[in-house]
Asker: 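Below is the structure I would like to discuss, written out as structure tokens.
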Amino acid sequence: MSRPTPTSLSAPARRATPLALLALAVGAFGIGTTEFVMMGLLPDVADDLGVSIPSAGHLVSAYALGVVIGAPLLAALTARMPRRKVLIGLMGLFVAGNALSAFAPDYDYLLAARFLSGLPHGAFFGVGAVVATNMAAPERKARSVSLMFLGLTVANVLGVPVATAMGQQLGWRATFLGVSVIGVAAIAALALLIPRDRAAAPVAGLRGELAALRSLPVWLALGTTVAGFGALFSAYSYITPMLTDSAGYADSSVTLLLALFGVGATIGNLVGGRLADHAMRGTLVGGLVSLIVVLGAFPLLMSTAWSAALAVTLLGVAAFVTGSPLNLMVMERASAAPSLASSANQAAFNMANAGGAWIGGLALAAGFGTTSPALVGAGLAALGLGVAGVAYVVDRRRVTPSAGRERVVASHVPARVEPVHH
């Protein structure tokens with residue numbers, strides 16, 4: 001089967017692509033801000049609502065649970081709807097969840113509102129990734145995905161610190177009102193800049209979408225996400241005690257150092273997207289190997305202040321180089337259900353968040369030292385590399401012998417680039 005060419009896209013669609021990606025990035029910025037800002041507001045929320053810090057920490061878990069449940073569920077239920085309307089509807093649900101969080105009268109209400117806020121997270125990125133790739137020429141698909149995720153990484157550099165400072169100065173409720181405003185801006189941008197998809201919606205339906213996820217290569221790609229990003233969160237969840245106890249930084253310096261992680265993640269995301277368009281599997285393998293090296297060197301790098309700052313930045317680069325190739329790989333291996341597959345990848349990312357933090361905590365609890373979670377992370381990254389190797393072997397066995405180049409048969413539905421019209 002011949003590969004679609006850039007001419008498969010209309011000229012107006014190609015001209016609209018940068019602005020459309022900007023609209024997706026604005027939504028990603030708001031989602032990234034609300035996901036991570038709660039960590040910095042836990043003491044304020046706990047004091048205001050009269051609960052303990054550990055209880056307030058459940059607000060983080062509630063959001064993550066919403067992502068894991070909402071990502072595949074909403075993607076499957078909206079599979080036959082126009083994707084532009086789906087994106088706007090998901091962002092509307094996001095605004096509602098954050099507005100309800102701002103006006104939560106008690107802890108239980110806030111817990112439910114945080115769960116609601118997390119529901120559209122994965123589906124937005126899943127559907128958004130499909131929209132981004134469908135608007136892009138074939139040789140720029142991974143780059144387009146990385147530009148959408150740019151909003152998420154920039155949120156760690158700008159959105160989270162500003163929102164945290166706002167919450168500390170004006171009260172935590174002001175933070176969620178501010179995030180709601182970002183969501184409203186994203187809705188306006190999506191409505192104005194995302195072209196109307198007049199092409200027929202996917203006809204697979206819910207049953208077809210779910211059937212597309214039965215493929216072994218899809219699950220191997222999702223497993224790589226869980227292991228690879230579990231490696232990141234095994235270390236990142238405990239980065240503060242590493243910086244203060246091992247590297248000797250004051251508590252007041254941690255926020256700035258975490259912004260360096262965001263800078264590294266932004267660089268890794270952009271570099272990974274560009275490289276993946278040339279060699280998707282090679283970029284994934286290179287990112288995982290880099291992650292193993294960086295995490296393995298953490299005990300040494302955390303011994304001095306300057307090298308610790310370098311380690312935080314390199315961690316962001318190495319981890320997020322793998323983001324675009326993983327997302328694109330999952331979508332390609334479930335070509336009959338790209339929205340659901342990409343959304344499932346977001347659920348896998350949040351499972352990695354919870355699982356990595358738990359495994360890293362076991363190392364700390366066992367008394368293996370402050371930097372031991374990083375070494376555990378190196379082991380998880382090696383596991384991810386092993387799963388990626390198994391996926392390669394499986395893919396090689398599924399290559400059609402008549403093809404002139406390597407082509408993975410992920411499903412019986414042929415890949416195509418949907419035309420996009422205004």
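Along the sequence shown, residues are numbered consecutively beginning with 1.
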Asker: Please give me the minimum heavy-atom distance between A347 and P72, naming the atom from each residue.
Answerer: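 For A347 versus P72, the nearest heavy atoms are CB-CD, 4.4 Å.
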Asker: For W172, run the side-chain hydrogen bond (donor to acceptor under 3.5 Å, both in side chains) check against D48, T164, D44 and tell me which one passes.
Answerer: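 Result: among D48, T164, D44, D48 is the only option passing the side-chain hydrogen bond (donor to acceptor under 3.5 Å, both in side chains) with W172.
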Asker: Return yes if a side-chain donor-acceptor contact under 3.5 Å exists between N345 and T225, otherwise no.
Answerer: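 Short answer, yes.
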Asker: Could you walk me through whether T34 and R114 pass side chain to side chain donor-acceptor pair (under 3.5 Å), step by step?
Answerer: CA-CA 9 Å; T34 201; R114 285 293 290 172; 3.3 Å; yes
Asker: Does H58 reach the side chain of V51, with side-chain heavy atoms less than 4.5 Å apart?
Answerer: no
Asker: Taking atom CZ of R274 as the centre, does the number of heavy atoms from other residues, nucleotides or ligands within less than 6.0 Å exceed 12?
Answerer: no
Asker: Please report the closest heavy-atom contact between R84 and P195, naming both atoms and the distance.
Answerer: CD-O, 3.6 Å
Asker: Would you mind reporting whether L295 and L315 have side-chain heavy atoms less than 4.5 Å apart?
Answerer: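 Contact flag for L315/L295 side chains = yes.
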Asker: Is the shortest side-chain heavy-atom distance between S101 and S117 below 4.5 Å?
Answerer: yes
Asker: Residues two or more places apart in sequence or in another chain: which of them pass salt bridge (charged side-chain N to carboxylate O under 4.0 Å, His left out) with R143?
Answerer: D277
Asker: Measure the shortest side-chain to side-chain distance between Y238 and F233 over non-hydrogen atoms and say whether it is less than 4.5 angstrom.
Answerer: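 No, side chains not in contact.
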Asker: Distance from L24 atom CG to M148 atom CE, nearest 0.5 Å?
Answerer: 6.5 Å
Asker: For the residue pair Y109 and F103, is the inter-centroid distance of their aromatic rings smaller than 6.0 Å?
Answerer: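 No - the distance between ring centres of Y109 and F103 does not fall below the 6.0 Å cut-off.
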Asker: If you measure from CG on L41 to OG1 on T175, what distance do you get to the nearest 0.5 Å?
Answerer: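 Those atoms lie 5.0 Å apart.
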Asker: Is any side-chain heavy atom of L74 closer than 4.5 Å to a side-chain heavy atom of L90?
Answerer: yes
Asker: What class does the angle between the rings of Y63 and H121 fall in, given that below 30° is parallel, 30 to 60° is tilted and above 60° is perpendicular?
Answerer: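 Aromatic pair Y63/H121 classed perpendicular.
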Asker: As a test of understanding, state which of I69, L110, V67 forms a side-chain contact (heavy atoms from CB on, under 4.5 Å) with F115.
Answerer: I69
Asker: Which heavy-atom pair separates A142 from G273 by the least distance, and what is that distance?
Answerer: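 Of all heavy-atom pairs spanning A142 and G273, the closest is CB-O, 3.4 Å.
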Asker: With the side chain counted from C-beta on, respond yes when S324 and N269 share a heavy-atom pair under 4.5 Å apart, and no when they do not.
Answerer: yes
Asker: After noting the C-alpha distance and the side-chain angles of F94 and F124, does the key distance pass the ring pair (Phe, Tyr, Trp, His ring centres under 6.0 Å) rule?
Answerer: CA-CA 10 Å; F94 170 82; F124 180 88; 8.3 Å; no
Asker: Report yes if the side chains of F229 and L326 come closer than 4.5 Å at any heavy-atom pair, otherwise no.
Answerer: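 Yes; the side chains approach each other to less than 4.5 Å.
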Asker: If you take all heavy atoms of A374 and A235, which pair is closest and at what distance?
Answerer: CA-CB, 3.9 Å
Asker: Do the non-hydrogen side-chain atoms of F320 and T266 ever get within less than 4.5 Å of each other?
Answerer: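 Answer no - side chains too far apart.
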